[in-house]
Amino acid sequence: SVLVVGSLNMDLVVPVPRHPKPGETVVGGDLRRFPGGKGANQAVAAARLGARVRMIGRVGADAYGAELKRGLEAEGIATEDVAELDVPTGVALISVGEDGQNAIVVSPGANARLWPDDLSPERFAAAGVVVLQLETPLETVQRAAELGRAAGARVLLNAAPAQPLPEGLLGALGVLVVNEFEAARVAGAREPAGPEEALALARVLARRVPVAVVTLGARGLVWAGAEGAGTLPAFEVRAVDTTAAGDAFVGGLAAALAAGEPLVRALRFGSAAGALAATRPGAQPSLPTAEAVRSLLS
Ligand code: ADP
């Protein structure tokens, strides 16, 4: 099974003719509300792709928190460890300009109060794959990685949002997944200019983790590890909105690894999931089913 330790957010989206400057008021269109947070998105992705999924996270004791938990439960995800705290649920305030450019304010709320001692070791014993991101406190991510490794699970970190990582955290990982920008931040290097430079960067990262994957959007991905290194082109699709393509990829990779697939097949599965997510608007609504992924793969 897959254990996701991470964030849950309510995304509050308003279309605007243009973004306000400080001190200014801009009148926008109707508010729309979407469940989000990288942790929750990746949990939903893995569940739709056939994995048994449990999530550990924190929401507020408010309407958004209840709605987010119900949403996960509707996907068959175990939420006993998504506790409600006396602080607001995490939200992202997103204004979308007419040119499609977003301006985003994130208020992590309850996500920032998931602490290392909140993680029960027995949850990790049952997990084949542990999936982590960086939208909860770093010390919690690090403890989760250590608990996962100690339990014999494969620990997958999607190092987003980008930040440099302590060596102790990298040492507990099985798989590191980053996009080009995040790869540069983790390696302390400049952003790779193309697939060749990205592959070189993946090889550098693979000196510190067993497997490093650098995703390149519509250009696919590169990976490096003890078993070798390689390039995987993206599936050709008509992309309309790449929001959550990265989360679909991570969820798909985790689901395939948990099902016992070897690395390269699992990367292909994840990459098909990422491509399909790019063909539909939104985050969680765009996450594909296992059936859709299998039909793209065949
Ligand atoms: P992130 O959103 O984290 O930056 P990417 O955009 O690199 O992640 O997407 C992750 C993976 O999803 C890619 O490696 C690719 O396999 C797939 N993907 C993303 N965008 C597209 C696209 N436009 N067409 C096909 N596949 C895509």
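Note that these values count all heavy atoms, side chains included, but never hydrogens, waters or copies made by symmetry. Each ligand, and each atom within it, is numbered from 1 in the order the structure gives.
Close approach to S271 involves these atoms of ligand 1, each under 4.0 Å from a residue heavy atom: 16 (O). Of all the atoms in ligand 1, the ones that sit under 4.0 Å from a non-hydrogen atom of G220 are 13 (C), 14 (O). For ligand 1, the atoms sitting less than 4.0 Å from at least one non-hydrogen atom of V237 are 24 (N), 25 (C), numbered in the order shown with element in parentheses. Within ligand 1, counting atoms from 1 as listed, the ones closer than 4.0 Å to a heavy atom of A234 are 25 (C), 26 (N). Atoms of ligand 1 lying under 4.0 Å from at least one heavy atom of A239, given by number and element, are 23 (N). Ligand 1 places these atoms under 4.0 Å from at least one heavy atom of L216: 7 (O), 14 (O).
When each of V130, V209, V141 is paired with L157, the side chain to side chain contact (heavy atoms under 4.5 Å, CB included) condition holds for V141 and for no other.
The 12-atom threshold is exceeded at CD of Q163, counting heavy atoms of other residues, nucleotides or ligands nearer than 6.0 Å. Atom CZ of R208 is surrounded by more than 12 heavy atoms from other residues, nucleotides or ligands within 6.0 Å. For D30, the CG atom counts as loosely surrounded, since its 6.0 Å shell holds 12 or fewer non-hydrogen atoms of other residues, nucleotides or ligands. Annotation for Q101: atom CD does not count as buried by contact number, only 12 or fewer foreign heavy atoms lying within 6.0 Å. By the 6.0 Å contact criterion, CD on E236 is open, its count of non-hydrogen atoms from other residues, nucleotides or ligands being 12 or less. No more than 12 heavy atoms of other residues, nucleotides or ligands sit less than 6.0 Å from atom CD of E291.
Counting only non-hydrogen atoms, the option in A159, A245, P233 that gets closest to atom 19 (C) of ligand 1 is A245. Relative to atom 15 (C) of ligand 1, the option among G274, G217, A162 with the closest non-hydrogen atom is G217.
Summary of contacts: the protein heavy atom closest to atom 11 (C) of ligand 1 is F249 CB, 4.0 Å. Shortest contact from atom 3 (O) of ligand 1 to any protein heavy atom: G246 CA, 3.7 Å. The closest protein non-hydrogen atom to atom 25 (C) of ligand 1 is F235 O, 3.2 Å.
The N/O atoms of E182, backbone and side chain alike, include none that comes under 3.5 Å of an N/O atom in ligand 1. Checked by distance only, ligand 1 and N179 come closer than 3.5 Å through their nitrogen or oxygen atoms.
In this structure, CG on L93 lies 12.5 Å from CE on M10, to the nearest 0.5 angstrom.
Residues S7 and N9 bring no donor and acceptor atom of their side chains to less than 3.5 Å of each other.
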